[in-house]
2 protein chains.
Amino acid sequence: MSYKDRKVINIGMVSELTGLSVRQIRYYEERKLIFPNRTEGGTRKYSFSDVEKLIDIANQIEDGMQSSEIKKMQKRKSDRKVRDEMIRGQLNAVFGIRK
Amino acid sequence: MSYKDRKVINIGMVSELTGLSVRQIRYYEERKLIFPNRTEGGTRKYSFSDVEKLIDIANQIEDGMQSSEIKKMQKRKSDRKVRDEMIRGQLNAVFGIRK
DNA sequence: CGTGTAAGGAATTCTGACACG
DNA sequence: CGTGTAAGGAATTCTGACACG
């Protein structure tokens with residue numbers, strides 16, 4: 001929706017923005033930690049959110065965490081978000097609490 | 001500073017985002033209406049601000065305005081901004097009006 | 001496991017020019 | 001003036017593999 005989430009950046013620029021090698025960036029995708037879009041021609045396209053996520057991933061790897069662990073943590077975080085949003089939705093439906 | 005102003009988008013994606021041809025986008029640059037960055041290799045890089053500006057330019061062209069006229073209007077707009085900021089600065093220096 | 005690299009090919013972009021109008 | 005197009009070349013990216021550890 002916002003600029004931050006538009007997938008418009010090529011891998012070369014992502015490499016420059018993050019300081020990571022293109023090899024690393026592709027590898028984190030292979031491990032299902034990041035999900036760029038693709039052009040018709042097959043070129044990867046990333047968002048600024050992806051750039052930030054990649055920096056986090058690189059830091060976790062640097063701290064000795066394995067990609068499989070990082071993936072699990074991503075899932076936990078995602079699950080928490082879904083749960084919180086459901087609770088919010090229910091509260092809103094029942095009590096009409098706004099925002 | 002913000003995501004909106006980071007020059008990270010290739011001309012192909014700009015073409016897709018704006019609906020303009022790459023020929024048009026390059027031409028508006030030739031007429032000094034837009035100023036992308038360049039990679040070492042010479043590839044153009046645009047920001048989301050540039051994308052919006054390009055849409056405005058295309059609309060003005062479509063309305064029959066010439067590129068030289070558009071450039072003049074851009075300058076006027078820029079001059080107004082500089083003037084307003086100077087006034088603000090002076091007021092702030094003399095009266096300490098905040099923000 | 002995470003990352004570098006050389007290999008060959010494909011997609012993307014660049015410039016300068018000719019065309020039309 | 002604004003834009004399309006074919007031309008030739010250069011920069012960018014892609015995949016699959018081998019290497020090291």
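The sequence lines fix the lettering, A, B, ..., with proteins before strands; numbering per chain opens at 1.
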Counting C-beta onward and ignoring hydrogens, is there a side-chain heavy-atom pair between A:L20 and A:L54 closer than 4.5 Å?
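They are in contact (side-chain heavy atoms under 4.5 Å apart), so the answer is yes.
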Does the side chain of [X] get closer than 4.0 angstrom to OP1 or OP2 of [N] through an N or O atom?
X	N	answer
A:R23	D:dG16	no
A:R31	C:dG2	yes
B:T39	D:dT12	yes
A:R44	D:dT15	yes

[X] has an atom [atom1]; how far is it from atom [atom2] of [N], in whole Å?
X	N	atom1	atom2	answer
A:I61	C:dG4	CD1	C1'	16 Å
A:K32	C:dG2	NZ	P	15 Å
B:Q60	D:dG2	CD	P	12 Å
B:Y46	C:dT12	OH	C1'	13 Å
A:E29	C:dG2	CD	P	15 Å
B:L20	D:dG2	CG	P	14 Å
A:I9	C:dT12	CD1	P	17 Å
B:I57	D:dT3	CD1	P	11 Å

Closest nucleotide among [options] to the [X] side chain:
X	options	result
B:R26	D:dG4, C:dG4, C:dT15	C:dT15
A:Y28	D:dT12, C:dT3, D:dG2	C:dT3
B:Q24	C:dT3, D:dT3, D:dC14	D:dT3
B:Q66	C:dT12, D:dG2, C:dG4	D:dG2
A:R38	D:dT15, C:dG4, D:dG2	D:dT15

Can you tell me which residue among B:R26, B:K45, B:E29 is in a side chain to side chain contact (heavy atoms under 4.5 Å, CB included) with B:P36?
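Exactly one option meets the side chain to side chain contact (heavy atoms under 4.5 Å, CB included) with B:P36, and it is B:E29.
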May I ask which nucleotide in the shown strands pairs with D:dA10, Watson-Crick or G-U wobble, both distances under 3.5 Å?
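Checking every strand shown, D:dA10 finds its partner in C:dT12, with both distances under 3.5 Å.
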Partner lookup for D:dG2, please. Criteria are Watson-Crick or G-U wobble with both distances under 3.5 angstrom; report none if nothing qualifies.
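For D:dG2, the partner nucleotide comes out as C:dC20, under the 3.5 Å rule.
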5'-most by nearest nucleotide on DNA chain D - B:G42 or B:S21:
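Looking at DNA chain D, the more 5' nearest nucleotide goes with B:S21.
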Indicate yes or no: does B:E69 engage B:K72 in a salt bridge with an N to O separation below 4.0 Å.
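B:K72 and B:E69: salt-bridged.
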A:K75 bridged to A:D79 by N-O distance under 4.0 Å:
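Here A:K75 pairs with A:D79 in a salt bridge, since their nearest N and O are under 4.0 Å apart.
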Starting at the 5' end of DNA chain C and moving along, which residue's nearest nucleotide shows up first, A:M65 or B:K45?
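Going by which nucleotide is closer to the 5' end, it is A:M65.
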DNA chain C: 5'-proximal contact among A:Y27 and A:N10 (nearest heavy atom)
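It is A:Y27 whose nearest nucleotide is closer to the 5' end.
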Using a distance-only test with no angle check, is there a side-chain donor-acceptor pair under 3.5 angstrom linking B:S47 and B:D5?
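No donor-acceptor contact under 3.5 Å links the two side chains.
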Side-chain donor-acceptor pair present, B:R31, B:Y27, cut-off under 3.5 Å:
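Short answer, yes.
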Check every strand shown and say whether B:S67 touches a base, only sugar-phosphate, or nothing at a heavy-atom separation below 4.0 Å.
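Here B:S67 touches the backbone only, sparing every base.
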